[in-house]
Novice: 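Sharing a structure, written as structure tokens. Questions coming.
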Amino acid sequence: MERVEKGKWAYMAYRAVTYSLSPFLYLHLQWRRLKGLEHPLRWPERLARPSLPRPPGPLLYFHAVSLGEGMAAIPLINHCTVQRPDLNVLMTTATNSAFDVIKDRLPNSVLYQFAPLDTPAAMDSFLGYWRPNAVILMESELWPNLILGASKKGIIVALLNARVSKKSFSRWSGTIAQSLLVLMLSKFSLIIPLSTLQAINFQLLHAPPFVINFVGDLKYGMPTHLINTVGPATDEAYANTFSATGETDDSEKTNAEIKDLQLQLSNRQVWMASSIHDGEEEVILEVHKDLLQKYPDLITIIVPRHPQQRKKISLALKREGLEAVFRSHEKKIMPSTNVYVTDTLGELRSLYRLTPIAVMGGSFIPGLAGHNFSEAAAAGCAILTGCHIGHFSHMVASMLRLNSMAVLQVSGSTELSEALEELFSNTDSLEARRAAAKQAARALSNGIVERVWNLIDLHVVRKAIGSEIGKRKCWRNPGWVTQVGHPGLTCTSMRIQLFACPTWVTPSFPI
């Protein structure tokens with residue numbers, strides 16, 4: 001209680017500071033717009049000036065800061081629109097890269113905007129205009145004006161795939177910062193941590209234990225057609241991958257382009273360096289040159305984390321005398337081509353169809369924190385990663401617990417070169433690692449979206465929308481009742497738990 005009271009004073013200070021900084025944040029936003037870091041037309045949304053009308057009826061608001069977190073939320077949003085078509089869904093992200101990809105992958109019914117800055121005026125205006133019944137945040141989006149402003153208006157708040165990095169944990173552990181964090185965490189009705197370790201971290205940061213529920217990592221929440229394909233993903237599996245959830249991924253044009261690339265790469269040794277950061281191109285090109293001596297037909301696919309890295313990569317390729325094709329130039333891969341640079345956004349999941357081996361970037365230079373490799377594993381790629389993987393260490397550990405060949409960690413360019421040479425020279429080893437990664441991803445993805453949705457339904461939707469709606473849905477809608485042998489839904493207004501509930505139940509006990 002004392003920490004919460006201190007947190008109120010800390011929040012008053014935060015609110016005052018962000019209010020006084022608002023003019024400078026506006027200028028900074030304009031500078032970012034001129035630099036191409038903000039959307040040229042929709043930047044006013046960052047100041048809570050909406051570009052869409054608010055539809056009538058209850059509304060769930062999902063927020064993710066960037067592309068990775070947004071992609072993890074999409075299967076859950078798709079599931080939400082199927083399970084509760086009566087609810088409006090609003091999603092926001094903060095980056096151009098996320099917007100460019102996610103806008104084409106959400107169901108048509110979902111409203112999509114840029115997230116407002118966490119200033120008092122912008123956030124109060126945003127919450128006042130959209131009037132969400134619940135705010136669902138992804139990973140580490142702990143913004144005081146959003147969380148405490150929503151709570152003040154009686155809006156339910158939840159945090160999914162919740163995590164705090166080591167640096168953030170230390171920062172939040174300070175006296176003033178911790179009091180503000182304790183106040184924010186006290187407002188959550190549900191926290192679903194990324195891992196059991198993150199669950200402990202949130203308890204150490206004084207999150208209420210009863211709101212913490214661990215069910216798995218949403219980043220494994222991929223479409224069932226892809227996950228359930230035995231062995232490496234086929235074109236047919238990919239073409240129908242997203243029909244179950246309504247998510248669209250590959251357009252007909254993209255599918256045709258991928259098949260054309262597969263033909264261009266046929267009969268050549270191929271590996272991919274995915275989501276590489278600045279400086280990692282040196283590691284990748286060193287390995288490429290080493291392998292090229294033994295495999296002269298080798299093609300290395302480089303996927304930079306940001307398309308803006310193309311200039312630096314181009315200069316590095318020229319220095320090394322390597323012949324490369326950039327995807328943005330729309331040129332064919334020639335027999336003399338050594339490197340294919342995919343400097344485009346939103347195609348990574350499709351591009352995994354081109355390679356039997358995926359080396360995850362963001363992991364070969366100290367200070368980096370790895371990347372999500374669940375999509376590569378689901379596509380049937382052998383997974384290799386460096387040692388600097390941050391919070392993705394839990395993903396490596398989870399995969400290795402299920403199959404010791406699911407992921408291979410290497411310490412640098414020498415070990416990476418040796419590992420790739422082993423995979424190229426030993427077909428049995430390569431296929432075993434591809435199958436292991438696929439099987440582990442399938443096991444970890446099984447039911448994750450449904451489990452997360454069940455918790456949201458129980459702790460957020462019914463609390464936000466009202467117990468009467470929840471009671472009617474529980475008794476009258478078969479879609480809200482689980483199969484025989486599984487716990488049913490808790491009708492909180494009746495204080496009972498239904499088990500093995502059939503399509504229609506006439507209770508034999510007084511209500």
Novice: Between His391 and His394, how do the two ring planes meet: parallel, tilted or perpendicular, split at 30° and 60°?
Specialist: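 Taking His394 first and then His391, their aromatic rings lie parallel (interplane angle under 30°).
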Novice: If we count only N and O atoms by modelled type, under 3.5 Å, do the side chains of Ser336 and Glu323 hold a donor and an acceptor together?
Specialist: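 Their side chains do contain a donor-acceptor pair, which is all the 3.5 Å distance test asks for.
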Novice: State plainly whether the residues Asp278 and Arg305 are in salt-bridge range, i.e. N to O under 4.0 Å.
Specialist: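 Answer for the salt bridge query: no.
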Novice: Hey, is the main chain of Val215 close enough, under 3.5 Å, to the side chain of Arg451 for a donor-acceptor pair?
Specialist: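 Checking the backbone N and O of Val215 against the side chain of Arg451, a donor-acceptor pair under 3.5 Å is found.
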Novice: Write out all pairs satisfying side chain to side chain donor-acceptor pair (under 3.5 Å) with one or both partners inside residues 185-194, taking only residues at least two apart or from two chains.
Specialist: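 Of all non-adjacent pairs touching residues 185-194, those that pass side chain to side chain donor-acceptor pair (under 3.5 Å) are Ser189-Lys463.
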Novice: Can you confirm whether the side chains of Gln269 and Trp271 place a donor and an acceptor under 3.5 Å from each other?
Specialist: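 Gln269 vs Trp271: no donor-acceptor pair found between side chains.
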Novice: Applying side-chain contact (heavy atoms from CB on, under 4.5 Å), name anything that partners Ala134, two or more places apart in sequence or on another chain.
Specialist: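 side-chain contact (heavy atoms from CB on, under 4.5 Å) check on Ala134 returns Leu60, Ile156, Val460, Ala464.
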Novice: Would you say the ring centroid of His388 lies under 6.0 angstrom from that of His277?
Specialist: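 Distance test on ring centres: not under 6.0 Å, no.
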Novice: Please round to the nearest 0.5 Å and tell me the distance separating atom CG of Leu160 and atom CD1 of Ile456.
Specialist: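 These two atoms lie 4.5 Å from each other.
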Novice: More than 12 heavy atoms of other residues, nucleotides or ligands under 6.0 Å from CH2 of Trp172: yes or no?
Specialist: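 Yes, enclosed.
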Novice: Has Gln409 got a side-chain atom pairing as donor or acceptor with Leu384's backbone, closer than 3.5 angstrom?
Specialist: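 No, because the side chain of Gln409 does not come within donor-acceptor range (under 3.5 Å) of the backbone of Leu384.
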Novice: Taking Glu375 first and then Lys219, would you say they form a salt bridge - that is, a charged N and a carboxylate O separated by under 4.0 Å?
Specialist: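 Here Glu375 does not pair with Lys219 in a salt bridge, since their nearest N and O are not under 4.0 Å apart.
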Novice: Between Phe392 and Phe373, is the ring centroid distance below 6.0 Å?
Specialist: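 No, ring centres 6.0 Å or more apart.
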